[in-house]
K.L.:
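My questions all concern the structure below.
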Amino acid sequence: MGKKKIKSPRWVVPQGMQPTDMDLRILEWQAKGKLVPTRNLVRTQGQIEGIRKAGALNTAVLDAVAEMVAEGISTLDIDRTVYEYTTAHGGIPAPLHYEGFPASCCTSINDVVCHGIPCEEDILEEGDIVNVDCTTILDGYYADASRMFVIGKTTPERQRLVDVAWECLKIGERVCAEPYVFVGDIGNAIAGHAHSCGMTVVRDLCGHGVGVDFHEDPEVVHYGRKGTGMLLVPGMTFTIEPMINAGDWYVCGDEEDETEWIVLTEDGSDSAQWEHTYLMTDNGVEILTH
Ligand code: MF3
Ligand code: CO
Ligand code: CO
């Protein structure tokens with residue numbers, strides 16, 4: 001007779017403790033076979049304060065970027081601003097040396113979906129749309145956010161893409177107006193909006209838990225079915241960061257990129273993305289990178 005493996009439950013009420021209302025709600029979903037968080041994903045008050053402070057600095061970094069982004073500057077200029085501002089305020093840019101990433105932030109222009117590498121040769125031109133993605137470590141805590149910048153005046157198509165990507169983030173946020181929703185509820189709403197606008201959602205990359213580490217559970221996919229993926233409960237911190245393509249959703253690497261970080265749209269169409277770090281509370285999400 002083969003031995004049957006018994007899967008230990010993800011959520012357990014500690015010995016001798018009275019289950020809280022939250023415990024009971026999570027246990028109920030767990031019994032129904034849904035993916036529930038593990039307890040370490042529910043942050044302590046101390047962790048939340050730390051992540052909140054990292055979020056405030058990350059926002060200030062992106063504000064500093066917003067001040068200097070302009071036609072004619074290079075993406076390396078942006079990177080220098082991110083490095084200088086972050087370190088001058090006691091933080092560390094999380095991307096720098098992260099799994100071989102060579103810079104302090106990601107700068108993704110036009111058909112670059114994400115993980116674009118700042119460099120001296122990439123000069124911002126009128127009409128470009130560029131995503132700047134910053135993650136700040138402060139006192140060991142992480143916060144992650146990105147914004148789109150439009151250089152001068154762009155085409156109506158590009159402007160629409162930037163706007164729809166923003167709307168997708170806000171729609172994901174609205175799904176999280178209450179706790180005990182599923183990651184798949186977010187993705188379903190985001191993809192619904194993108195598709196209704198004739199655009200597509202990148203599937204190969206997703207949002208993520210963040211705060212104690214750079215990339216944690218859950219995976220926050222930006223497409224999918226309602227009721228799938230992890231249950232989001234008060235105390236969890238995570239990103240939503242939809243990458244929206246004007247053409248097809250397929251992505252590919254850049255042959256010339258030795259780091260293998262840069263992600264492009266396969267069909268060369270434009271891509272846009274916005275990102276925030278959120279805290280789920282009893283009353284829905286709070287933005288920690290505002
Ligand atoms: N900030 C990105 C994210 O949203 C991750 C960048 S990883 C890096 O998850 F190494 F490229 F910076
Ligand atoms: Co990011
Ligand atoms: Co992120």
Side-chain angles (χ1 to χ4, degrees), residues 41 51 54-55 57-63 65-66 75-76 78-83 86-87 91-109 112-119 122 130-138 141-149 165-166 168-169 172-173 176 183 186-187 190 201-222 229-230 232 236-244 251 253-254 257-264 271-280 285 287-290:
L41 297 181
I51 301 163
L57 179 51
N58 199 62
T59 300
V61 173
L62 279 167
D63 288 346
V65 169
T75 51
L76 190 65
I78 296 176
D79 196 66
R80 286 200 189 104
T81 298
V82 169
Y83 181 83
T86 305
T87 54
I92 303 167
L96 193 57
H97 309 313
Y98 173 77
E99 295 184 9
F101 193 80
S104 295
C105 65
C106 301
T107 51
S108 305
I109 305 173
V112 182
V113 173
C114 64
H115 304 161
I117 300 173
C119 67
D122 283 345
V130 57
N131 174 278
V132 180
D133 191 339
C134 293
T135 307
T136 299
I137 312 173
L138 185 64
Y141 295 105
Y142 291 72
D144 185 7
S146 79
R147 299 181 195 166
M148 293 300 296
F149 297 97
W166 172 255
C168 283
L169 183 67
E173 217 172 280
C176 298
V183 160
I186 301 174
I190 287 176
V201 177
V202 171
R203 294 173 172 242
D204 300 63
L205 299 121
C206 58
H208 50 93
V210 67
V212 173
D213 207 341
F214 198 164
H215 294 109
E216 304 178 73
D217 279 342
E219 279 190 358
V220 181
V221 294
H222 304 107
M230 197 180 285
L232 298 171
M236 291 173 77
T237 51
F238 56 91
T239 73
I240 306 176
E241 50 179 302
M243 283 145 273
I244 307 301
V251 299
D254 181 340
D257 166 31
E258 279 156 23
T259 73
E260 297 188 356
W261 266 104
I262 305 174
V263 179
L264 310 171
S271 188
Q273 174 182 32
W274 296 82
E275 174 180 26
H276 272 310
T277 294
Y278 299 92
L279 166 68
M280 182 56 84
V285 280
I287 306 175
L288 297 182
T289 44
H290 232 11

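Every value quoted in this text rests on a predicted model; they were computed, and no experiment measured them. Counting convention: from 1, in listed order, for ligands and their atoms alike. Along the sequence shown, residues are numbered consecutively beginning with 1.
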K.L.:
Are Ile137 and Phe214 close enough, and set up right, to give a side-chain contact (heavy atoms from CB on, under 4.5 Å), and what steps lead you there?
P.N.:
CA-CA 9 Å; Ile137 312 173; Phe214 198 164; over 6 Å; no
K.L.:
What atoms of ligand 1 come within less than 4.0 Å of a heavy atom belonging to His208?
P.N.:
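Numbered from 1, ligand 1 contributes 3 (C), 4 (O), 9 (O).
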K.L.:
Give every protein N, O or S atom lying under 2.8 Å from the Co ion (ligand 3), naming each by residue and atom.
P.N.:
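Listed by chain and number, the atoms are Asp144 OD2, His208 NE2, Glu241 OE2, Glu275 OE2.
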K.L.:
Any chance OH of Tyr83 has more than 12 other-residue heavy atoms, nucleotides or ligands included, within less than 6.0 Å?
P.N.:
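Counting neighbours around OH of Tyr83, 12 or fewer heavy atoms of other residues, nucleotides or ligands fall under 6.0 Å, so no.
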K.L.:
Can you list the ligand 1 atoms lying under 4.0 Å from a non-hydrogen atom of Glu275?
P.N.:
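The atoms of ligand 1 under 4.0 Å from a heavy atom of Glu275 are 4 (O).
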K.L.:
I'd like to check which ligand 1 atoms, numbered from 1 as shown, lie under 4.0 Å from a non-hydrogen atom of His215.
P.N.:
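Result: 3 (C), 5 (C), 9 (O).
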K.L.:
Picking from Asn131, Thr107, Thr135, what satisfies side-chain hydrogen bond (donor to acceptor under 3.5 Å, both in side chains) with Ser146?
P.N.:
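The passing option is Asn131.
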K.L.:
How far is atom 2 (C) of ligand 1 from its nearest protein heavy atom, and which residue and atom name does that atom have?
P.N.:
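It is Asp133 OD2, 3.4 Å.
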K.L.:
Which is it for Cys134 and ligand 1 at heavy atoms under 4.0 Å: side chain, backbone, both or neither?
P.N.:
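Neither part.
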K.L.:
Quick one: which ligand 1 atoms are inside 4.0 Å of a heavy atom on Thr135?
P.N.:
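Close to Thr135: 1 (N).
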K.L.:
Look at the rings of Tyr98 and His215 and say which category their plane angle falls in: under 30° parallel, 30 to 60° tilted, over 60° perpendicular.
P.N.:
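The rings of Tyr98 and His215 sit tilted, inter-plane angle from 30° to 60°.
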K.L.:
If you round to the nearest 0.5 Å, how far is CD1 of Ile287 from CG of Leu169?
P.N.:
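Taking CG in Leu169 and CD1 in Ile287, the distance rounds to 7.5 Å.
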K.L.:
Heavy atom under 4.0 Å from ligand 1: found in Glu99's side chain, backbone, both, or neither?
P.N.:
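Neither part.
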K.L.:
Within the structure, does Trp261 bring an N/O atom to less than 3.5 angstrom of an N/O atom in ligand 1?
P.N.:
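Between Trp261 and ligand 1 (N or O atoms, distance only) the closest approach is not under 3.5 Å.
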K.L.:
Keeping Thr237 on the side-chain end and Leu279 on the backbone end, is there a donor-acceptor pair under 3.5 Å?
P.N.:
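No: the side chain of Thr237 does not pair with the backbone of Leu279.
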K.L.:
Where on Asp144 is there a heavy atom closer than 4.0 Å to ligand 1, on the side chain, on the backbone, on both, or on neither?
P.N.:
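It is the side chain that gets close, since no backbone atom is under 4.0 Å.
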